[in-house]
Amino acid sequence: MALHRMEPLEIASGWLADSPCPPLPAPPGPAPRRLLDALLVPLLARPPCLVAFSGGRDSSALLAAAVAAAHREGLPPPVAITLTYPDAPGAQESDWQRRVLDHLGVTERVVLVVHDEHDAVGPVAAPLLRRHGVIWPPNVAPTWRMMDRARGGSLLTGEGGDEVFGVKRITALTKLLHTRTRADRRLVPLAAQALAPAAFRRRTARRESYRPPWLRADAWREVLRRHLDDVAAEELHAGRQTWQLASHRGSRIGYATLRALGEEIGVRYVQPFVDPGFVAATAAEAGFWGWTGRTTAMRHLFDDLLPRAVLERATKATFNGAVFAAHTRDFARGWTGDGVDHDLVDAAVLREHWLSPLPHAPSMALLHQAWLAEGGTTGQTISNRGIGNTSLPPHSRT
């Protein structure tokens with residue numbers, strides 16, 4: 001199976017620049033929710049239909065829509081599947097999960113306990129790396145493990161929710177114009193920036209850009225140039241930018257990779273929120289001005305499905321501590337510096353970064369490249385045919 005092969009600079013930076021996105025299709029006619037239902041019903045009719053559920057807004061909205069569609073059509077209900085990280089305090093969302101499950105009347109779900117199994121070079125990722133090499137997206141272990149429980153059916157995730165429902169270039173201006181009381185003065189410079197020409201927005205983005213500490217100067221200049229090109233191309237029109245973000249090259253390639261991996265084990269992997277028809281319909285409803293923020297967008301689309309507290313929550317879990325764990329540190333301590341492109345990367349800085357308390361996600365593709373170059377022997381070895389016959393912790397049902 002041929003997957004996207006990342007170029008050296010993409011591996012070094014952990015980022016894929018955009019390319020011209022497909023043209024925005026004409027609005028499909030039906031409202032976004034009707035299109036979402038049309039996507040969900042065939043998947044529900046072919047169980048098992050698992051929905052990745054963290055308790056966040058996107059996964060909660062997707063689970064709620066699937067539960068409602070199953071009930072209305074008389075189909076088997078979807079099965080929520082949750083990854084829980086007892087060793088990563090920032091990833092705990094049990095209170096939000098229980099609130100959503102109680103509201104939806106869901107009494108059964110699959111819970112997978114994660115310690116260091118999802119480490120970037122741990123027992124779930126290792127056979128995939130040996131089989132496919134460095135791929136995009138690098139962090140496929142959590143999804144692959146959930147896919148293993150969906151064999152013969154489908155796995156649905158809320159990926160793409162940030163891009164479709166989140167803040168756009170014009171959002172601050174929209175919020176400022178819709179404010180009925182005294183406007184928040186912090187919105188004024190943000191609104192002005194939204195209206196600024198591309199050259200000004202490029203300068204602002206240059207100041208605010210994150211530079212991976214391991215990238216050499218020439219490599220960073222090229223990565224920054226590509227990033228600033230992306231910024232300059234951002235649409236002011238909220239609907240068109242929704243399509244831009246959902247159709248970003250990195251997202252398209254990542255989705256194609258995960259679909260292909262699912263096919264290896266007979267699983268249909270689906271991201272309903274980036275389905276072209278759903279995105280086009282949502283973009284049409286957003287129009288030029290869009291919504292005043294993510295909460296307003298979520299309430300517009302899902303207010304009848306979830307409690308307002310869930311749709312309006314501002315917190316979000318973090319998972320880096322579960323991604324760069326013991327297997328990563330064991331490898332980094334003995335790493336010789338081989339396997340990476342030294343014209344692009346300072347290996348000493350990179351090794352120090354992997355041994356730091358919280359390595360950054362963009363370094364994961366480099367970790368994979370280095371690990372493979374040194375034989376790919378760190379971490380537990382498991383089946384090359386998937387993870388169905390491994391000693392990973394069993395799932396539980398709640």
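Both backbone and side-chain heavy atoms feed into the values below; hydrogens, waters and symmetry mates do not.
Looking at Asp119 and Arg329, no side-chain N of the basic residue comes within less than 4.0 Å of a carboxylate O on the acidic one, giving no salt bridge. Ionic pairing of Asp95 and Arg98 is not present here: no N-O contact between side-chain nitrogen and carboxylate oxygen is shorter than 4.0 angstrom. The existence of a salt bridge linking Asp218 and Arg216 is excluded, since no basic side-chain nitrogen approaches an acidic carboxylate oxygen closer than 4.0 Å. A salt bridge is defined here as a Lys NZ or Arg NE, NH1 or NH2 lying under 4.0 Å from an Asp or Glu carboxylate O, and Asp18 with Arg226 fails to meet this definition.
Environment of CD in Glu352: sparse, with no more than 12 heavy atoms of neighbouring residues, nucleotides or ligands closer than 6.0 Å. Heavy-atom contacts from other residues, nucleotides or ligands closer than 6.0 Å to CZ of Arg72 number more than 12. Atom CZ of Arg333 has more than 12 heavy atoms from other residues, nucleotides or ligands within 6.0 Å.
With contacts defined as side-chain heavy-atom distances shorter than 4.5 Å, the pair Ser54/Trp96 does not qualify. Looking at heavy atoms from C-beta onward, Val164 lies out of side-chain contact with Leu245 at the 4.5 angstrom threshold. A heavy-atom distance below 4.5 Å is not found between the side chains of Leu350 and Asp346. In this structure, the side chains of Ile135 and Leu261 come closer than 4.5 Å at one or more pairs of heavy atoms. Residues Phe53 and Ser60 have side chains in contact (heavy-atom distance under 4.5 Å, counting atoms from C-beta outward). Within the 4.5 Å cutoff, the side chain of Met364 has heavy atoms near those of the Asn139 side chain. Residues Val231 and Thr204 are not in side-chain contact: their nearest non-hydrogen atoms beyond the backbone lie 4.5 Å or more apart. Side-chain contact check for Arg33 versus Phe302: some heavy-atom pair is nearer than 4.5 Å.
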Task: Test log, rule side-chain contact (heavy atoms from CB on, under 4.5 Å), inputs Tyr269 and Thr157 - done: CA-CA 8 Å; Tyr269 174 77; Thr157 74; 3.0 Å; yes
Checklist line | Pair Arg99-Asp102, salt bridge (Lys or Arg N to Asp or Glu O under 4.0 Å): steps then yes or no | finding: CA-CA 5 Å; Arg99 187 181 301 195; Asp102 288 348; over 6 Å; no
Derivation and outcome, side-chain contact (heavy atoms from CB on, under 4.5 Å), residues Val223 and Leu215
CA-CA 9 Å; Val223 169; Leu215 273 186; 4.1 Å; yes
Exercise. Show your working on side-chain contact (heavy atoms from CB on, under 4.5 Å) between Arg169 and Arg201 and close with a plain yes or no.
Key: CA-CA 10 Å; Arg169 174 183 163 189; Arg201 290 185 288 111; 3.4 Å; yes
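Taken from CG in Asp58 to CZ in Phe273, the straight-line distance is 6.0 Å, to the nearest 0.5 Å. A distance of 12.0 Å separates CG in Leu367 from NE2 in His327, rounded to the nearest 0.5 Å. From Ile81, atom CD1 reaches atom OG of Ser59 across 12.5 Å, with rounding to the nearest 0.5 Å. Note that the CG atom of Asp230 and the CH2 atom of Trp15 stand 4.5 Å from one another [nearest 0.5 Å]. For the atom pair CD of Glu222 and CG of Leu344, the computed distance is 10.5 Å after rounding to the nearest 0.5 Å. Atom CG of residue Asp116 and atom CG of residue Asp87 lie 8.0 Å apart, to the nearest 0.5 angstrom.
Formation of a donor-acceptor pair under 3.5 Å by the His248 side chain with backbone atoms of Gly250 is found in this model.
If you run side chain to side chain donor-acceptor pair (under 3.5 Å) between Thr295 and each of Glu312, His300, Arg57, only Arg57 comes through. Across Leu155, Leu258, Leu156, a single residue satisfies side-chain contact (heavy atoms from CB on, under 4.5 Å) together with Gln271, and that is Leu258.
Between His118 and Tyr85, the ring planes lie perpendicular to each other; the angle is over 60°, past the 30° to 60° tilted range. Relative orientation of the Trp214 and His353 rings is tilted, given thresholds of 30° and 60° on the angle between their planes.
Trp136 and His4 make their closest contact through CB-CD2, 4.5 Å (heavy atoms, listed as atom of the first residue, atom of the second, distance). When all heavy atoms of Leu35 and Pro30 are compared, the pair lying nearest together is CD1-O, 3.7 Å.
Cation-pi contact between Arg252 and Tyr255: absent, since separation from the ring centre below 6.0 Å together with deviation from the ring axis within 45° is not met. The cationic group of Arg351 does not satisfy the cation-pi geometry with Trp354, failing either the under 6.0 Å distance to the six-membered ring centre or the 45° limit from the ring axis.
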